Amino acid sequence: MVIRLHNSLTRQLEELRPLRPGTVTMYHCGPTVYSSPHIGNFRSFLFADVLRRFVEDQGLAVTQVMNITDVGHLTLDDIEGGEDKMEAASKKTGKTAWQIAEQYIEEFRLCQQQLRVRLPHHMPRATEFIAQMGVIIDDLLAKDVAYQVNGSVYFAIEKFPAYGKLSGKVIDELEEGARVAVNDEKHDPRDFALWKVDAKHQMQWDAPFRGGSRGFPGWHIECSAMSTHYLGEQLDIHTGGEDNMFPHHECEIAQTEAHTGKRFVSIWMHARHLLVDGKKMSKSLGNFFTVADILGKGYTGLELRYALIRVQYRQSLNFTLAGLDEARAAIARVQQCRRRLVRLRDGLERAGGDSLGEAVTSANEAFTAAMSDDLNVSEALAAVAALVAASNKATPLRDDATAALAAFARFEDVLGCFGDEPAAVDEAPAELRQLLGQRNAAKKQKDWAAADRIRDEIAAAGWKIVDAPTGARLEKA
RNA sequence: GGUCCCGUAGCCAAGUGGUUAGGCAACGGAUUGCAAAUCCGUCUACGGCGGUUCGAUUCCGCCCGGGACCUCCA
């Protein structure tokens with residue numbers, strides 16, 4: 001099936017047509033490692049993960065690169081000779097910028113794992129690509145689209161007429177209300193730094209280009225260097241949060257296309273920011289959550305993943321704790337259904353004669369159609385729910401139970417938000433199984449008080465009793 | 001100030017010019033000793049005002065409300 005994706009550049013749905021047939025190259029703007037990853041960050045990263053999984057599901061090979069920005073970025077204060085964000089974090093904690101980066105890279109990786117992210121093939125760090133950045137800077141200087149002032153290098157916007165094509169920003173004159181950075185070094189206020197010289201900066205490198213001074217790279221250049229290094233001069237897909245569109249991606253396009261002379265990216269995709277309780281997430285509103293905050297409240301990575309992907313990436317997802325509870329219930333419903341199918345498949349429950357083939361086929365088709373339509377996860381989840389309902393209603397043939405399980409396995413492979421296929425029977429500890437036997441005996445004698453007391457005891461141990469027509473069994477709660 | 005997005009039943013959230021998406025919650029029933037799980041049923045909405053149309057939640061305009069970006073926040 002044709003995969004159609006929204007291209008921010010053209011603002012239209014476009015068919016995914018890889019430059020090299022059969023292989024899709026993706027680059028994702030990754031984390032800046034000066035603080036703990038929050039749920040907003042992971043909405044973007046999970047969107048990229050689901051995109052990759054679905055493209056693979058459709059039989060295409062994917063090469064995925066996600067950068068890790070371990071060089072701090074300039075802030076407005078920096079114009080006045082202040083510090084960048086990593087430096088600020090460094091000052092606060094007494095650690096070096098390098099140690100800060102190391103710590104947060106570690107935390108980021110842990111979050112990826114907890115949220116079941118399929119790891120990108122390459123996750124390069126900006127600090128390991130200084131030399132490659134230098135090659136591009138060198139070339140841009142040679143082509144006279146960049147200029148040097150007091151050792152710092154800036155990209156000259158006027159040399160790249162297409163600047164603004166992605167974001168639609170035409171900043172001939174900076175508008176009233178917009179923040180304007182004053183920097184005397186720039187020929188044009190829109191010009192952006194490729195290399196900065198600032199003696200106060202902790203992270204410093206000898207200039208990786210001819211005739212430069214010791215300093216550090218501008219923010220945008222790292223992505224051009226890392227993406228083209230791994231994926232070539234032209235990529236199929238480039239993603240990021242909506243805030244990256246301008247200026248970051250605009251600048252990436254300018255410097256990369258000025259460097260290579262080719263169109264840089266076929267399809268630009270941007271994830272909408274999430275809202276928390278209907279408001280923009282911010283520390284001052286007290287609605288700011290890191291991934292660790294959510295997990296600390298007792299929710300699982302799986303539940304958080306579900307809550308963060310259930311709405312299509314271009315819609316503004318309203319994140320709430322109630323939504324997390326819904327995710328928990330929705331996951332349980334799917335898993336409950338799969339568990340029964342496993343029991344039918346494995347002969348632990350008597351199969352019937354109901355056909356499920358049609359339901360499986362239509363669920364698969366609806367799922368594919370929804371995901372092909374610019375990753376409409378909400379609609380894809382409806383297809384999953386339809387198969388759950390059809391399965392629960394039926395006492396299917398054994399082969400059909402198997403087919404339905406295969407469909408659920410596929411949905412899990414793409415969305416990753418339901419969990420692994422449940423076991424038919426959880427192997428409960430011997431003492432719990434013994435308690436279950438005691439309850440069965442109590443039930444036989446109609447000693448309901450004793451039976452319920454034992455059930456509570458088992459529940460306290462984290463298990464629940466399922467009274468099926470074939471007898472009671474234990475399942476992990 | 002400029003550019004752009006959205007407003008769907010109690011909550012979350014798809015979609016469509018005319019045939020109740022889905023999830024969660026709630027309520028009634030079946031099953032059950034009681035629960036849990038499951039099934040059946042109920043809850044039929046599209047911010048407001050105009051316009052186009054045989055017909056608009058869907059297209060257009062205005063208004064109201066929420067949100068995003070405008071130099072480094074995914």
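Keep in mind it's a predicted model, so treat the numbers as computed, not measured. Below, chain A is the first sequence line, B the second, and so on; all start at residue 1.
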**Report entry** N/O donor-acceptor pair, side chain R314(A) with base C5(B), under 3.5 angstrom
**Finding:** no
Requested in this report: Give none if U19(B) has no partner; otherwise give the nucleotide forming a Watson-Crick or G-U wobble pair with it, both distances under 3.5 Å.
Outcome: none
Query raised in the report: C1' atom, G10(B) versus C64(B): distance in rounded Å?
Result: 24 Å
Report summary line: To the nearest angstrom, the CG-P distance between L415(A) and G23(B) comes to 16 Å
Report task. Give a yes/no on whether any side-chain N or O of Y313(A) is located under 4.0 angstrom from OP1 or OP2 of A74(B). Result -> no
Report task. Run the salt-bridge test on R339(A) and D426(A) with the 4.0 Å N-O cut-off and return the result as yes or no. Result -> yes
Query raised in the report: Looking only at N and O atoms, is any donor in the side chain of R310(A) or the base of A13(B) less than 3.5 Å from an acceptor on the other one?
Result: no
Requested in this report: Check whether any side-chain N or O of N244(A) sits under 4.0 Å from OP1 or OP2 of A74(B), and answer yes or no.
Outcome: no
Report task. Decide, yes or no, whether a salt bridge links E257(A) with K165(A) under the criterion of side-chain N to carboxylate O below 4.0 Å. Result -> yes
**Report entry** Watson-Crick or G-U counterpart of C39(B), or none if no pair lies under 3.5 Å
**Finding:** G29(B)
**Report entry** Face-to-face contact H273(A) to A68(B) six-ring, under 5.5 Å, under 30°
**Finding:** no
Query raised in the report: Counting just side-chain N and O atoms, does N392(A) come under 4.0 Å of either OP1 or OP2 of A37(B)?
Result: no
Query raised in the report: Are K297(A) and D293(A) within salt-bridge range, i.e. N to O under 4.0 Å?
Result: no
Report task. Answer yes or no: side-chain N or O of N376(A) and base N or O of G15(B) forming a donor-acceptor pair under 3.5 Å. Result -> no
Query raised in the report: When all nucleic acid strands are considered with a 4.0 Å heavy-atom cut-off, which category describes A329(A): base, sugar-phosphate, or nothing?
Result: sugar-phosphate
Query raised in the report: Of the nucleotides A74(B), G33(B), G67(B), which one has an atom closest to the side chain of D452(A)?
Result: G33(B)
**Report entry** Minimum-distance nucleotide (side-chain atoms of K279(A) versus A13(B), C72(B), G67(B))
**Finding:** G67(B)
Query raised in the report: Are any of R333(A)'s side-chain N or O atoms less than 4.0 Å away from OP1 or OP2 of C39(B)?
Result: yes
Query raised in the report: A271(A) near the nucleic acid: base, sugar-phosphate alone, or nothing, with a heavy-atom cut-off under 4.0 Å?
Result: nothing
Query raised in the report: For H38(A), which contact category applies under a 4.0 Å heavy-atom criterion: base, sugar-phosphate, or nothing?
Result: base
Query raised in the report: Contact class for G240(A) (heavy atom, under 4.0 Å): base, sugar-phosphate, or nothing?
Result: sugar-phosphate
Report task. Taking atom P in both C59(B) and C46(B), compute the distance separating them and give it to the nearest angstrom. Result -> 16 Å
Query raised in the report: Is Q315(A) touching bases, backbone alone, or none of the nucleic acid, heavy atoms closer than 4.0 Å?
Result: sugar-phosphate
Requested in this report: Give R340(A) one of three labels, base, sugar-phosphate or nothing, depending on what nucleic acid heavy atoms sit under 4.0 Å from its own.
Outcome: nothing
Query raised in the report: Can you tell me if Y313(A) and D374(A) form a side-chain donor-acceptor pair at under 3.5 Å?
Result: yes
**Report entry** Base-pairing mate for C69(B) - Watson-Crick or G-U, with both contacts under 3.5 Å
**Finding:** G2(B)
Query raised in the report: Out of G15(B), C69(B), A36(B), which has the shortest distance to the side chain of F246(A)?
Result: C69(B)
Report task. With a 3.5 angstrom cut-off on both distances, give the Watson-Crick or G-U wobble partner of A56(B), or none if there isn't one. Result -> none
Query raised in the report: OP1 or OP2 of G66(B) sitting under 4.0 Å from any side-chain N/O of K280(A)?
Result: no
Query - Salt-bridge contact D188(A)-K159(A) (side-chain N to carboxylate O under 4.0 Å) - result: no
Report task. Choose from C39(B), C69(B), C11(B) the nucleotide whose nearest atom is closest to any side-chain atom of K393(A). Result -> C39(B)
Query raised in the report: Is there a Watson-Crick or G-U wobble partner for G7(B) with both distances under 3.5 Å, and which nucleotide is it?
Result: C64(B)
Report task. For the pair E427(A) and R433(A), find out whether any cationic side-chain nitrogen is under 4.0 Å from an anionic carboxylate oxygen. Result -> yes
